[in-house]
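Bear in mind the structure is a predicted one, so any value in this text is a computation, not a measurement. Throughout, numbering of the chain's residues begins at 1 and tracks the sequence.
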Amino acid sequence: MYEKKKIAIIGGGISGLSAGVYACLHGFDAEVYESHHSVGGACTAWRRMGYEIDGCIHWMTGTKPDTPWYKLWETCGALSAETGVVNHEHITSCMDSRGRIYHLYSDIEKMEEELIRISPDDRKAVKQLIRRVKLFQKVRLPVEKPMDMMSILEKLKFFLPYVFTLSDLLSGMKISVADYVQRFRSPIIRQLLLGVAVDRRHVNTFFLAIACRTAGDGGWPLGGSLQMARRMQQRFESLGGKVFLNSRVDKIVIEQGRATGIRVHGETSLRPFDCIVPAMDMHALLHQLLDGNCSLPYYEKRFADREAYPLISAMQISFGVETDLSHRPHSLTLKPSRPLIAGGDKIAHVKIRHYACDPDFSPNGNTLVVIWFVNFAYDRWQALKEKSEEAYQLEKQRIADLMLAELQRAYPETNGRAHVIDVATPLTYHRFCNAYKGSYMSFLSRPGTMPECHRGVIDGISNLFLAGQWVFPDGGLPLALLSGKFAIQRLAKQFKEKP
């Protein structure tokens, strides 16, 4: 019988809670330290004027039972047979200049039929799209253990199924989503497809997103982001774990190349631990908690080259609407009717989402509607706020007014019945989550950059195991979940426990 080790997990987001659950399952004593007043990290929601505004999940990989990802979510308490999951009929929809609505169906056969109906001239390109989606439906990420813990035989077994599709997979890393959609003559099809994934990413991320949705494995868990995070907290605590909220960690103590404890904000004494698992923003870890005293070329390269490894943030404008929009498409990709500049960025299209599928999000039969768009302008938003708080608020209001007009154009029945209840900018993501440059995900996978995961450890520092979406390219909730499991598997291996 081994001596029970005590583990500190820094960050109560999805990766931190995952690490906590798996630590307890391995028999360790685990404590999670979260700087916010609630768990969830970027997987969060907040209340405004009786509405619950979801700040994270649009759809989620792993909602289909009897799949490897579902089993991970289930183990961590996020999903269960009692958790309702909504699988929408459409992945997204769009509207033409005459107000006609077109759909990208979640059923792959209906998708193909509808796209060809929209543009018979694009039949060949549509057929190629469907072939690629079906290929990516078969792609699997290793979820049992990290690659660095696999034997040669295990690696061969994992990679062999992809030998004959390798050229397709590699070619997709060379082209962006924006360039790929230009293969379609129809502007309607291009607009529909741009509603699926960020246009700067390589196109494989786009195929994976559609493959997941069309396989029925990309639903939306009822209750949304915050309720899911709280279910994970309950699971962790039921296993004996402890969560400390409003407990910001200021420093990781390193003694003779070994992580030995943490200093919590406001405390003079250190809290000793056998192992530390940072599950947090990577820039804050390296430059604040570790004082910039360690060298990590993997991250230094990426933080320095913002062109090759951009960080993605967004704006989210939320509306309370005094009518039921359940008969309307849940997700509508829309080209603004007039030029839209946000923080100096020109915005080509926005997404309108409503949450009529979950009545708990809105009071008295009303509907929460969110207009969302990618925004890479953190530095300009920060400069504006530093110059003048009034100017910052006026700019937020200007954009909110423009988005209200777009909402009323898309759904005329909201005219006079919608009011702005919240405006979140890239600065909001930084304030809520301490996310570097307001990034809600890890480094974006650009065309021409090969995806590369970090090993999850820091050379020269023992007993420190990294978790969080930053250890993967792109990141996202499922990878954050997986990172927590992988961190504990590496830790357990060090102490000779079964991974």
Side-chain angles (χ1 to χ4, degrees), residues 57-62 69 88 90-94 102-108 111-112 114-115 118-119 122 124-141 162 165-219 309-310 312 314 331-335 348-351 353 372-374 376 440-451 469 472-479:
I57 303 176
H58 303 153
W59 61 275
M60 189 175 81
T61 302
W69 283 107
H88 293 285
H90 314 124
I91 296 175
T92 190
S93 305
C94 74
Y102 302 85
H103 304 296
L104 187 68
Y105 283 92
S106 299
D107 181 290
I108 196 165
M111 176 192 294
E112 179 179 0
E114 177 66 4
L115 293 179
I118 291 171
S119 177
D122 282 312
K124 181 178 179 181
V126 169
K127 291 284 187 181
Q128 291 173 339
L129 166 67
I130 299 302
R131 185 187 70 81
R132 280 290 183 97
V133 170
K134 289 181 177 179
L135 167 66
F136 274 82
Q137 284 180 343
K138 301 175 183 178
V139 172
R140 297 288 182 266
L141 291 176
Y162 305 114
T165 59
L166 189 60
S167 61
D168 282 328
L169 298 175
L170 292 176
S171 66
M173 295 177 186
K174 298 177 182 178
I175 182 172
S176 70
V177 174
D179 289 339
Y180 173 78
V181 301
Q182 295 306 313
R183 299 180 181 189
F184 296 86
R185 299 179 184 180
S186 167
I188 294 297
I189 293 180
R190 292 198 297 267
Q191 189 173 343
L192 280 172
L193 298 181
L194 285 172
V196 175
V198 177
D199 57 4
R200 296 192 191 187
R201 283 178 169 170
H202 65 64
V203 77
N204 281 357
T205 60
F206 163 85
F207 290 128
L208 278 170
I210 299 182
C212 184
R213 302 290 292 277
T214 53
D217 195 28
Y309 303 96
I312 182 173
S331 176
L332 186 70
T333 303
L334 196 68
K335 287 185 177 180
H349 60 269
V350 300
K351 291 184 180 180
R353 294 188 179 91
W372 182 96
F373 54 86
V374 169
F376 292 89
Y440 65 84
M441 292 182 74
S442 179
F443 305 103
L444 212 62
S445 290
R446 291 290 302 276
T449 58
M450 289 295 291
Q469 60 176 344
F472 294 101
D474 280 316
L477 287 182
L479 293 177

Apply side chain to side chain contact (heavy atoms under 4.5 Å, CB included) to I312 and F376, showing your working. CA-CA 6 Å; I312 182 173; F376 292 89; 4.1 Å; yes
For R201, which residues count as a salt bridge (charged side-chain N to carboxylate O under 4.0 Å, His left out) partner, sequence neighbours excluded? D474
For R200, check side chain to side chain donor-acceptor pair (under 3.5 Å) against everything at least two apart and list the hits. none
Rounded to the nearest 0.5 Å, what separation is found between the OG1 atom of T449 and the CZ atom of F443? 11.5 Å
Restricting to salt bridge (charged side-chain N to carboxylate O under 4.0 Å, His left out), what partner residues turn up for R446, sequence neighbours left out? E307
In Å, rounded to the nearest 0.5 Å, how long is the span from SG of C94 to CG of L332? 7.5 Å
Please list all pairs meeting salt bridge (charged side-chain N to carboxylate O under 4.0 Å, His left out) that have one or both residues in residues 190-199, counting only residues at least two apart or in different chains. none
Those residues that, when tested against T333, pass side chain to side chain donor-acceptor pair (under 3.5 Å) (two or more places apart): T92
Distance check, rounded to the nearest 0.5 Å: E112 atom CD versus D107 atom CG? 10.5 Å
What pairs with R131 under side-chain contact (heavy atoms from CB on, under 4.5 Å), at least two apart in sequence or on another chain? D168
Min side-chain heavy-atom separation L444-Y309 under 4.5 Å: no
What residues, two or more places apart in sequence or in another chain, satisfy salt bridge (charged side-chain N to carboxylate O under 4.0 Å, His left out) together with D217? none
Minimum heavy-atom separation for V177 to V198, with atom names? CG2-O, 3.6 Å
How long is the span from the CD1 atom in I130 to the CD1 atom in I108, to the nearest 0.5 Å? 4.5 Å
List the steps and the verdict of side chain to side chain contact (heavy atoms under 4.5 Å, CB included) for Y102 and Q191. CA-CA 10 Å; Y102 302 85; Q191 189 173 343; over 6 Å; no
Applying ring-ring contact (aromatic ring centres under 6.0 Å, His included) to Y105 and not counting sequence neighbours gives H90, H103
Name all residues meeting the side chain to side chain donor-acceptor pair (under 3.5 Å) criterion together with H349; count only those two or more places apart in sequence or in a different chain, and write none if there are none. none
W69: which residues meet the ring-ring contact (aromatic ring centres under 6.0 Å, His included) condition with it, sequence neighbours left out? none
For the CD1 atom of I118 and the CG atom of L104, what is their distance to the nearest 0.5 Å? 8.5 Å
Under the side chain to side chain donor-acceptor pair (under 3.5 Å) rule, what pairs show up with a residue in residues 170-179, not counting sequence neighbours? R132-S171, S176-D179
For the pair L477 and I57, evaluate side chain to side chain contact (heavy atoms under 4.5 Å, CB included) and give the outcome as yes or no after the intermediate values. CA-CA 8 Å; L477 287 182; I57 303 176; 3.5 Å; yes
Between side-chain atoms of residues 204-214 and protein atoms elsewhere (two or more places apart, or another chain), which donor-acceptor pairs fall under 3.5 Å?
unit_1: N204; atom_1: ND2; unit_2: L169; atom_2: O; d: 2.7
unit_1: T205; atom_1: OG1; unit_2: H202; atom_2: O; d: 2.8
unit_1: R213; atom_1: NE; unit_2: G218; atom_2: O; d: 3.3
unit_1: T214; atom_1: OG1; unit_2: Q137; atom_2: NE2; d: 2.8
unit_1: T214; atom_1: OG1; unit_2: I210; atom_2: O; d: 2.8
unit_1: T214; atom_1: OG1; unit_2: A211; atom_2: O; d: 3.2

The test is side chain to side chain contact (heavy atoms under 4.5 Å, CB included); show your working for S331 and I91 and say whether it passes. CA-CA 7 Å; S331 176; I91 296 175; over 6 Å; no
Nearest 0.5 Å please: distance from the CZ atom of F184 over to the CG atom of L192. 10.5 Å
Contact summary for I175 and P447, nearest pair of heavy atoms: C-CG, 3.6 Å
